[in-house]
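Structure first, then comments.
As a basis for the values below, the full set of heavy atoms in this structure was taken, side chains included, without hydrogen atoms, waters or symmetry mates. Letters A, B, ... are given to chains in the order of the sequence lines, protein chains preceding strands, and every chain is numbered from 1. Bear in mind the structure is a predicted one, so any value in this text is a computation, not a measurement.
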Protein chains: 2
Amino acid sequence: MLQNGIAKSVLNRLPLYLEYLIDLKEIEGYTGYVSATKIATDLELGEVQVRKDLAFVCKSGKPKLGYNLDALTERIKEYLGCNEPKKAIIVGLGKLGSALFGYEGFEKYGIHIVEGFDLENKEYEHIPIKKFNKENLKEFLKNESIDIGIICVPKNVAQEVCDILVEMNISAIWNFAPIRLKVPKNVLVQNENLAYSLSVISSIITNKQ
Amino acid sequence: MLQNGIAKSVLNRLPLYLEYLIDLKEIEGYTGYVSATKIATDLELGEVQVRKDLAFVCKSGKPKLGYNLDALTERIKEYLGCNEPKKAIIVGLGKLGSALFGYEGFEKYGIHIVEGFDLENKEYEHIPIKKFNKENLKEFLKNESIDIGIICVPKNVAQEVCDILVEMNISAIWNFAPIRLKVPKNVLVQNENLAYSLSVISSIITNKQ
DNA sequence: TATTTATCGGTATAAATTTATCGATAAATA
DNA sequence: TATTTATCGATAAATTTATACCGATAAATA
C-alpha cells in the first residue's frame, strides 16, 4: 500500500539512510558525492533497492559519481519532515515513558517532546511532570498545538487516554500499550511493542536449534 | 524470505495473536472455540490472512466453530519458544536500558533478563548492576548460559560490546544502537530504533497536510 | 433425518516488494 | 579527442505477501 505516494517499505528505510548519511559526513568527514553502490555495501542492502529508494525523494543522481551528499541528506530530511518541527507529549511516565521522555535521539528528526503527564506526582530530572487527569490534559491541549501523542500507560487506560487525545484533535498517536486503539480514520496510530520484537528473536533461536 | 519455514510477515504477527488470545481468555473469560472471523474483526486484519497465519502453526480448525482457544494459544506459545525459557542480559543501563531491565512484559514470552552491565556503578531498584568491562562480561558469560544480548550502549561502543558477546557464543543480539553491527552469519541481529519509528510518523503527518 | 449455516482450508489471483538486466551518461584516463 | 569506467535509471522478472473465491465439513436447526 502506498503512503502519500511512497511505498511503505521505502518510507521505513528513509530514516536509516538519513542516519547513515549524517554520520558519513559528521563522523567520517565524507564530502561531495556518494554512490548507491557504497550505501548498499555499508548498509547491507541491495544496490538496486537503494537506487529505487532514493529515486522516490531525489532525482539528482549523476552517472559515475552518485548523489550529492548534502543535497541527498537535505531531501530526505525534508521528506521525513525534520525541517518542520513537531511537538509531542507523553502520557504515562513509567519506566518506558520516562526513558522516551529523556531520549535526545528524537530531536535529530525534528521531534520535541514538550511535556509529560502521569497519574502520580512525579518529576523528571527535577522538572515536575504534569498531573494526568482528563481536565488537565484537555486544558493543556487546548492551549498548545501538539502533533503527536505518545501513549505509555497500562493497557486498561490506553483507550481512555487515546479518546482524550483524539477529542483534542491530535494528528498521530504512538502507542506502546499492547492494545488495538479505536480511532477515527483521520488519526494515525502507530503501534510499537518491544515485547513482540523480542518474542520474534526468541522464536527464531528456538526453531533454529 | 522464509525464516525456518515460516514467512517473516507471519512470524511478526504471531505475538499479536498470542497477546490477543491470552486476553480473550483471561480478561473476557472466553472459552472453547474462537474463529478466524472473530480474530480478524477484533485485530482489524483480513479474515483469510488470519486463517493462513494460523495454518502455519496449527492444523486444528473446525468448520462452523473455529479453533480451540487453549490449543491454539498453546501452539503459538510453543512456536514462539515461550515454553523454552531464554536468558538475556542488557549492556548499557542508560534510560532505555534501565526501562527494558525493569520491564515485566517480556516474561510472558519466556524471556528473563537476568543481569545488567554498565560502565558506571549503578543500581537498579537497590540491586547493584554489574560493572561493565571486557573481563567482567566475559567471565560472566563463561559461567552463565545466556541466549540473548541486548545492546543499549552509545553507538561508538556498540561494536566492541557486540564482539565480546559474539566471542562468548551468544545466539542473538537485540541492538538499540543506531549502527549496523558486524557479526558472523550464525549470529542473529535484530535492530531496533525507536527514533526511526517516530520519524516515520512525523513523515506521514508532514506529507498529509 | 434433511436442511441450513458458519467456518475451514485449498486453489487461484492480485498487489507489493525485491532483484536482475542493460543501455545511457558523465567523469576519468589514455 | 577517443576510450574506458563507474554509476544511474528504466524496463523486466522473480519473489514475497495479501486477498478473493469456493467446495468441503461439522455443528445447529427445522
Classify the side chain of K52(A) versus the base of dT11(D) as yes if they form a donor-acceptor pair under 3.5 Å and no if they do not. yes

May I ask you to verify if any side-chain N or O of K62(B) is less than 4.0 angstrom from the OP1 or OP2 atom of dA27(D)? yes

Send over the distance from Q49(A) CD to dT7(D) P, rounded to a whole Å. 18 Å

Reading DNA chain D 5' to 3', how would its secondary structure be written in dot-bracket notation, given Watson-Crick and G-U pairs with both distances under 3.5 Å, brackets [ ] for crossing pairs and | for partners on other strands? ||||||||||||||||||||||||||||||

Under 4.0 Å between a side-chain N/O of S9(A) and OP1 or OP2 of dT18(C), yes or no? yes

Would you confirm whether K86(A), through its side chain, and E84(A), through its main-chain N or O, come within 3.5 Å as a donor-acceptor pair? yes

Could you state the CD-P distance from E47(A) to dA10(D), rounded to the nearest angstrom? 16 Å

Taking atom C1' of dT4(D) as reference, at what distance in whole Å does atom NZ of K64(A) sit? 8 Å

Nearest-Å distance for atom pair CZ/P, residues R51(B) and dA18(D): 16 Å

K155(A)/E19(B) salt bridge by N-O under 4.0 Å criterion: yes

Strictly below 4.0 Å: does Y33(B) bring a side-chain N or O up to OP1 or OP2 of dA28(D)? no

Looking at every strand, decide which applies to K59(A) at a 4.0 Å heavy-atom threshold: base, sugar-phosphate, or nothing. sugar-phosphate

List the steps and the verdict of ring pair (Phe, Tyr, Trp, His ring centres under 6.0 Å) for Y79(B) and F56(B). CA-CA 10 Å; Y79(B) 194 88; F56(B) 268 102; 8.4 Å; no

Does S199(A) use its side chain to pair, donor to acceptor, with the backbone of A195(A) at less than 3.5 Å? no

With a 4.0 Å cut-off on N to O distance, would you call E47(A) and K38(A) a salt bridge? no

Specify the residue among G46(A) and P63(A) whose closest nucleotide of DNA chain C lies further upstream toward the 5′ end. G46(A)

Salt-bridged, K130(B) to D118(B), with N to O below 4.0 Å? no

CG of N68(B) versus P of dT7(C): gap in Å, rounded? 16 Å

Spacing between D53(A) atom CG and dT19(C) atom P, to the nearest angstrom: 10 Å

Got a salt bridge between D163(B) and K182(B), using NZ or NE/NH1/NH2 to carboxylate O under 4.0 Å? no

Closest nucleotide among dC8(D), dA20(D), dT17(D) to the A36(A) side chain: dC8(D)

When the distance from CD1 of I39(A) to P of dA6(D) is rounded to whole Å, what number comes out? 18 Å

Distance, rounded to the nearest Å, where L11(B) contributes CG and dA18(D) contributes P: 12 Å

